[in-house]
Amino acid sequence: MSETLTLGKALNLGLRRAMEDDSKVILMGEDIGKLGGVFRITDGLQKDFGDERVIDTPLAESGIVGTAVGLALRGYRPVIEIQFDGFVYPAYDQIVCQVAKMHYRSRGKVKLPIVIRIPFGGGIGAVEHHSESPEAYFAHTAGLKVVACSNPSDAYWMIQQAIASDDPIVFFEPKRRYWEKGEVDTSGSLESAFPLHSSKVLTSGTDATVLAYGPMVRVALDAATAAAEDGRKLEVIDLRTLSPLDMGAVFDSVRKTGRAIVVHEAPHNLGMGAELAARITEECFYSLEAPVLRVAGYDIPYPAARAEEEYLPDLDRVLDAVDRSFGW
Amino acid sequence: MSETLTLGKALNLGLRRAMEDDSKVILMGEDIGKLGGVFRITDGLQKDFGDERVIDTPLAESGIVGTAVGLALRGYRPVIEIQFDGFVYPAYDQIVCQVAKMHYRSRGKVKLPIVIRIPFGGGIGAVEHHSESPEAYFAHTAGLKVVACSNPSDAYWMIQQAIASDDPIVFFEPKRRYWEKGEVDTSGSLESAFPLHSSKVLTSGTDATVLAYGPMVRVALDAATAAAEDGRKLEVIDLRTLSPLDMGAVFDSVRKTGRAIVVHEAPHNLGMGAELAARITEECFYSLEAPVLRVAGYDIPYPAARAEEEYLPDLDRVLDAVDRSFGW
Amino acid sequence: MTRASSKRAAAAQAAEPDFVQLLTPDGQRVTHPEYSVDFSDEELRGLYRDLVTVRKLDAEATALQRQGELGIWASLLGQEAAQVGSGRALREQDMAFPTYREHGVLYCRGIDPIMPLGLFRGVDQGGWDPIANKFGIYTIVIGAQTLHATGYAMGVAKDGKVGGDEGESVIAYFGDGATSQGDVNEAFIFASVYNAPIVFFCQNNQYAISEPLTRQTRVPLYQRASGFGFPGIRVDGNDVLATFAVTRAALDNARHGNGPTLIEAYTYRMGAHTTSDDPTRYRVASEVEEWQAKDPILRLRKYLESTGLIDEAFVTEVDAYAREEAVKLRERVLTLPDPEPGEMFKHVYPNGSPEVDQQAAEFAAYHASFEGAHS
Amino acid sequence: MTRASSKRAAAAQAAEPDFVQLLTPDGQRVTHPEYSVDFSDEELRGLYRDLVTVRKLDAEATALQRQGELGIWASLLGQEAAQVGSGRALREQDMAFPTYREHGVLYCRGIDPIMPLGLFRGVDQGGWDPIANKFGIYTIVIGAQTLHATGYAMGVAKDGKVGGDEGESVIAYFGDGATSQGDVNEAFIFASVYNAPIVFFCQNNQYAISEPLTRQTRVPLYQRASGFGFPGIRVDGNDVLATFAVTRAALDNARHGNGPTLIEAYTYRMGAHTTSDDPTRYRVASEVEEWQAKDPILRLRKYLESTGLIDEAFVTEVDAYAREEAVKLRERVLTLPDPEPGEMFKHVYPNGSPEVDQQAAEFAAYHASFEGAHS
Ligand SMILES: Cc1ncc(C[n+]2csc(CCOP(=O)(O)OP(=O)(O)O)c2C)c(N)n1
Ligand SMILES: Cc1ncc(C[n+]2csc(CCOP(=O)(O)OP(=O)(O)O)c2C)c(N)n1
Ligand SMILES: [Mg+2]
Ligand SMILES: [Mg+2]
C-alpha cells in the first residue's frame, strides 16, 4: 500500500503505528499534545491515545530525558521530542551520562529503549538555536546510537525501527524536509524493512562518491543530477546511521570511484566528515585519487537567517568539491 | 628563575600570578576554597585573595557557568574549576549556547573572558565519570577555544595566557600528571612565553610523526624513546591547542616523515584523531606513506578502574601503530 | 508578608486571584496596605502613552511579519502593563536581562525600538551592546538569562554597588514556562546564597506556547521563592500601577542590599506565542474574551478619563503619535541591511582564529570565482 | 502543617533545630503530635542490630580501602539512623534510587552488602539489576537519580499502582549539596505536576564535600518543597524512630495517591566525604565532637537499655554478629574477580554494535600477539 506523504506525516504515521503496536510506547515533549508539536509531527496522537501516552511535559529538557530514564526502567518505551536542535543541550548530561551509560553500568541488566527525536538543521529562516546540527556530539558518545532520516519512506520505517530497538537512539529529522513529499509503502513488516543501521546507495556512479545524510541527501542527489549533465557519474550514499556508521557500501563505492566527498550542515571541524574521511582513508588508502573532501558548515556559530544560504552547503559547493577532487 | 614544580603546583602558581596581575580575575568552583579543590590546584588562594575572589559555589555546574557569564558581562574574568571531566555536562548548554555564542550574537560588543578548567582523562583508578576526555565536544563547538597542557612549564604559562585572553577557553588539565615534576622558568613575561595557540615539536625525528596532547604526551615521548632503541626516529608533537588546531608544524613534520599517528584517550570515533587525520590527509596527500593511524580510547563508556589499563593508549599500542604504519 | 496583605486586596475583587492590585479592570483605583504609587498627572499620562505606543509598535511588527518583512515575531500583546510597569520602575543604573518578548521594557529603557528588529528580520542575532544599553541581548534558550542576571548582580555586589539609593539593581525577565528549567531554579539558589541585588520578574502569561500553567506547577508561581529564602509576590500584571509599585519596591530593596525578590506578574498572552503559532489549536475563544475584559490599556484609560486627566483629544493625539512611531519603525525595518557577503565570519572570537580566517578567505575566493564567471 | 507541629517537638529540645524527633540524643523517648511508631520489642532490637551492622560493614569497607583493596569508599558514618530508618520504612513493593552512600538502605532492603563493593573496588560500575533488587544503581552524577526516580514513579502511577495499601512508592535519596542541581529542582516539578508517588529523601549531612550548607541555601532545605506544591518536613536524621515514622507516613501517603513529599533528614557526616577527602582542612574538631554526642546508635542503645529491652549480652552478641558479617564481607571482597581481558567491550548496547565488535576483535588479536611473543 503506497501513499504519497510528506516526511512529517510519514513520521506521524510511524509514531502512530508504533503506539498501536506496543502499548508501552509513550511520547514526551513540549507542546506535543493539543498542538501536535511545533511541527505537528504528533498531530492527533494525544486525541487518539490520551494524555497518559502523549505527554505534554514541563519546559525542562533535562527533566524530560531524566524522567524518561525512569519510565524506561519501569518498562515504558519513551519517545522524546526535543522541540529544536538547539534546545537539547540542557538534557546533555542526562543523555551522555545516563541514557548512554546505564546499560553498560548495569552490565547489561538494564535496557533503556529511549528514542530522542531531534528536528535538526537549517534552511528554514529561523532565529538562533533553531537550525543546529549537533549530531557529532552524540555520535562521539559511546552507548548512543544515532540515525538520521532523509525522506518520507525512511522516516516512516526508521522511526518505528528506532522505537522497536532496545538501544537508546538519537533520531535526527531533517526539519526543512518535513514538507517534502515522497512515496511510502506502508505495507510489510518492520522486520522486512531495510535495516535501520545500514547506509543506502541512492544513485550508482563510477566517478566520485558523495556521502550525505538528513537534509543534505537532497542536495547530494541534485548535485548528482547536475554532474551527470557534465558527464560525471556520482554515487550518492545516504548514510542513514551515524553511529554506528555502516561503512561497507561506502568502502566499496570509494574503492570503485577513488574519490569521496562528504556533505553535512554541521561545522566542518570534528563533524561526521572528519570521521568518514579518517576511516575511508585508512581503509581505501591505495584506491584514493584525492583526499576525502568535506563540504560542511563553517566553523562559526550558525549565522543569522539572512546569511544562512551562504552558510549551508548547496549544490554548487558540492560540485565545486567534485571539481576540486578531480583537480587533485 | 627556574624551579622544579609538579604540574599541579605550576597551575597553582600560574593562577596566583594571574590573580595578582589582574584584580578582575576570580575563581569559581566546588570546594576550591578552604579545601583548595579536590586536587589542591587552588590551594591557599582563598586564604590569600579572600572569598570574594575565590568562590565556593553551590553544587550546580550550569549555575556556575551561567553566573560566570553574568560576572564576565560585569567586567570580571572568571576562571571556573569543573571538579572532574564527567561533571561538565550539566553546564553544557550554558557553555555551548551562551559562552561560545555571546560574542558572535553581540556582533563583537560582548567579550566573555571565561576560562573553564577541566581536569581530564583517566589513569587514576577512579569510579565512573572521573576519567573522561570530553575535549572533542568542545572543539567541535565554534566560539570556544580549547587547549590542553601536558607539563608543568606549559601549565604555568598556558593558564596565565588563557586567563589573559579575551576568548572563552576550555582548559584541559591532565589530572594523572598533576603530580609529575618538571622545570618551570617563571621569569619572563606572558607576552614572551611560547604562544598559547601553538603546537610544539618535542622531539625531532624523520621516520614518523606522533601527535599527542595532555596526558598522552608522556606516552608519546616514551614511545619515541623506545622506538629509538629500534632505530626509528619519531617526531613527537604536543598539540597544546585543540581548537583552533595549529597544523603548521604538523604538516611540515608529516611531509618529512610520511607517517602520522595520533594518540588520545578520548574515544576513537569522532575524537581529535579524526579531524587530524582528515586535515593531514587533505594537506599532505602525496607525502603520506600510510594512512594516519589513531591510537585512542575504544568506543565504549570509560570502563571500570581495573580495566582502564586495557582501555588507555600506552607505549605498546603506540609502537604497534608505528609498526602498522611501516607495514602499510 | 505579602500574601496576607494581598489577600485583602483580592477580597474586593472576587473573580481575581490573590495579587496586588491598584487599578481594577474597570478602571477603579483601589488601595493596598503595602504598595502605592505617587505619580504626577503628567507621569500617569506618560504611562498611558507608553502602553499605547508599545502596543502599536508591537502590532506593526506583527504586520511586518505577515508581510514577510520579519522572519518571526513574538508579540507582547496583553502584557503591556507588566512590561511598562516594571520597565518604568527601573532606575537608570539598573540592568535588565530580557527574554525575547520584552519589547515594552526595552522601550521604557529609552532604547530605539528598532534595536531588536534585526534579530526577528534575520539580519543579525541581536548585535547590541548589553552593557551600554543596560539591557541584555534577547535570550532564546529558555531560562539561560536568569543565571546571567544573577552573575551580573553578584558582580554588582562585589563592586560594592549596593547599600544605598544609588545602588544598582538587576532585573531578570522570564516566563511561566521558564520556571521549570533547572537554570531558573539554580539562579534562585545563587541569588539567595550570595544575596545578589536582583529581581526575578516572571510574566505569567498563562501559557508556554500551547501548554497551560498546570503543566509547569500546581501552586502559584510566586510561592516558589520562599523555599529558596527570599520573598515572592504576585501582582496583577495587567495593572501598570501595581506592577510599577511592586517592582520599584523590590528593586529598591535589592539595591539597598536586601537581596532578591520573585515577582509573578499575573497576565495573559492575548495573541499567539509567536507569529508561527496557532493558538486556536489549544485554547478556547471564551478564555481570550475573559481576559479582553481585563485589558491593561483600557483600564488605565477609563481611570484617567474618569478622573479627567485625559480627554478624547489626548487619546487621539496619543494614537496618532503611536501610529507615527510605528510608521517610522516600519520604514527603518525595511531598510535594515542584509548581512554583507562573508560577514558571518566576523566576531566568532575576540582574538580571531586562523581557522575561521582561512574559511573566510576560501569563501571569498569561491564567491569571487562566480563573480568572475558572470563578468 | 508539619511545620507548626514539629515546632512543638523542638521546643522540648532547645539546642536542636525545628524537626520531628521521637528519641533524644540521650535516649529519651518523646512524643510527637503527628508521628509515632509502634514497633514490637523484637523490631526495636532489630533496628539496633541494623544500625550496628551497617556501621560495622561501613568501617570494614573503609579499612579495605586503606589497605588498598577498594579504590575509594564513601562512608555513611553518622548517617546510619537516616538510612536504616528510611530503609526499614520501605515496603517490599517500593523502589529506591540511591546516591553512592546508601549502603545502609541497601542493607535494609535485604540486599547482599557485597553488591556495591565491585564499584568501589573498581571491578565494575555497579552491575546490578535495579528492578530485581528494587534498588537503583548507585548514581555518581549529583542529582541525576532524582529524575529517574520521578520518572519511575510517574510510571507507577501510569500503571495504576497507586491508591491503596498495595500501592507502590518510590524514594529518591540525595544530599544537601544536590539540592542546588537543576535536575533535583526539575524532579520536584515533574513529581508535583504529575502527582507522582515519590518521597524525596534528602540526607542533610551538613556538607557537600568541603562546602557547608550555607553554600547551598540560606533557609532550611525542607522548606523548598512548599513552593513546588507539596509538603516538606524535617526530621532528626540521627533518630531512627522519627526517621522511620516520617518516611513511612510519606511513603504511605504517596502510595495512596497523595503525591510527593520532601523529607530533610537532619544529620551529620561524621567521617570524610570519601576516603580521598581530608576534612581537617575545612571543619573544626569541636563540631564533630558536638555531633558525636548525638550519635544515632548510642541513643537507641541507651533507650533500649533503660527500658530493659536489651542487655550487655545482647549488645555483645550484636557486635559479634556485625563483626562476623564484616569478616565475611572482607573475604568476599578480596575474591571479587577483576574484569576479564576484553570484558570492557561487553554491554555497550543491548543490540551490540559492529564497531564495538571490531574493536573487541582487534583488541583480542593485539593481546594474543603478546601471548604469542611470550610463549
Ligand atoms: C531550552 C528551550 N527549550 C525550548 C524552547 C522552545 N520554546 C521557545 S518559547 C517556549 C515557551 C516559553 O514559555 P514561557 O517561559 O512561559 O514564556 P512566554 O513565551 O510565554 O513569554 C518554548 C518551549 C526554548 N526556546 N528553549
Ligand atoms: C554533577 C556533579 N558535580 C560534582 C560532583 C562531585 N561531587 C561528588 S560528591 C559531591 C558533594 C555531594 O554533596 P551532597 O549532595 O551533600 O552529598 P553527600 O556526599 O554529602 O552525601 C560532589 C561535589 C558530582 N559527583 N557530580
Ligand atoms: Mg508564558
Ligand atoms: Mg551532604
Side-chain angles (χ1 to χ4, degrees), chain A residues 24 26 28 52-53 55-76 78 90-91 93-94 96-114 142-145 165-169 196-197 241 243-248 279, chain D residues 95 97 118-119 124-133 136-141 143-159 161 170 172 181-183 185-194 196 198 343-344 346-358:
Chain A
K24 289 295 184 185
I26 55 174
M28 304 172 71
E52 283 288 329
R53 292 190 64 197
I55 306 168
D56 270 335
T57 64
L59 207 177
E61 286 77 9
S62 189
I64 298 170
V65 176
T67 55
V69 169
L71 281 156
L73 286 169
R74 182 72 191 181
Y76 287 89
D93 176 56
Q94 283 285 349
V96 165
C97 295
Q98 305 300 331
V99 176
K101 294 188 171 63
M102 192 77 85
H103 183 69
Y104 195 70
R105 184 180 298 147
S106 73
R107 285 182 144 176
K109 304 207 178 60
V110 167
K111 296 186 178 82
L112 297 180
I114 296 173
L144 299 176
K145 291 192 174 173
S165 168
D166 280 345
D167 298 329
I169 296 183
L196 180 61
H197 293 293
T241 177
S243 180
L245 282 163
D246 174 33
M247 297 299 289
R279 292 204 203 175
Chain D
M95 175 76 191
F97 285 86
L119 189 163
D124 61 38
Q125 285 167 335
W128 63 85
D129 184 337
I131 304 307
N133 289 287
I137 302 182
Y138 277 5
T139 304
I140 288 167
V141 177
Q145 76 284 359
T146 60
L147 280 170
H148 308 164
T150 301
Y152 187 93
M154 287 163 60
V156 169
K158 241 176 246 310
D159 291 345
K161 295 293 173 77
V170 179
Q181 281 288 357
D183 272 10
N185 293 279
E186 293 186 8
F188 292 169
I189 289 165
F190 278 69
S192 174
V193 163
Y194 299 111
I198 186 168
E343 197 178 316
M344 64 180 174
K346 282 188 192 152
H347 306 305
V348 181
Y349 300 93
N351 292 332
S353 156
E355 290 179 355
V356 174
D357 291 348
Q358 190 189 328

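Residue numbering restarts at 1 for every chain, and letters A, B, ... go by the order of the sequence lines.
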Heavy-atom proximity to chain D below 4.5 Å, by part of A/Lys145: both

Pairs where residues 56-66 of chain A contributes a residue and the test salt bridge (charged side-chain N to carboxylate O under 4.0 Å, His left out) is met, not counting sequence neighbours: none

Contacting moiety of D/Glu186, where chain A heavy atoms sit under 4.5 Å: side chain

Heavy-atom contact with chain A under 4.5 Å, split by part of D/Glu343: side chain

Top contributor to chain A contacts, counting heavy-atom pairs under 4.5 Å, from D/Ile140, D/Val141, D/Thr146, D/Ile189: D/Val141

Test item: A/Thr57 and D/Tyr194 side chains (from C-beta on) under 4.5 Å apart, heavy atoms: yes

Heavy-atom pairs under 4.5 Å with chain A, option from D/Phe97, D/Tyr349, D/Tyr138 with the top count: D/Tyr349

Contacting moiety of D/Lys158, where chain A heavy atoms sit under 4.5 Å: both

Top contributor to chain A contacts, counting heavy-atom pairs under 4.5 Å, from D/Val193, D/Asn185, D/Val170, D/Val156: D/Val156

Contact class of A/Glu52 relative to chain D, heavy atoms under 4.5 angstrom: both

Max heavy-atom pair count under 4.5 Å with chain A, selected residue of D/Thr139, D/Asp159, D/Val356, D/Leu119: D/Asp159

D/Met344 versus chain A, the contacting section by heavy-atom distance below 4.5 Å: both

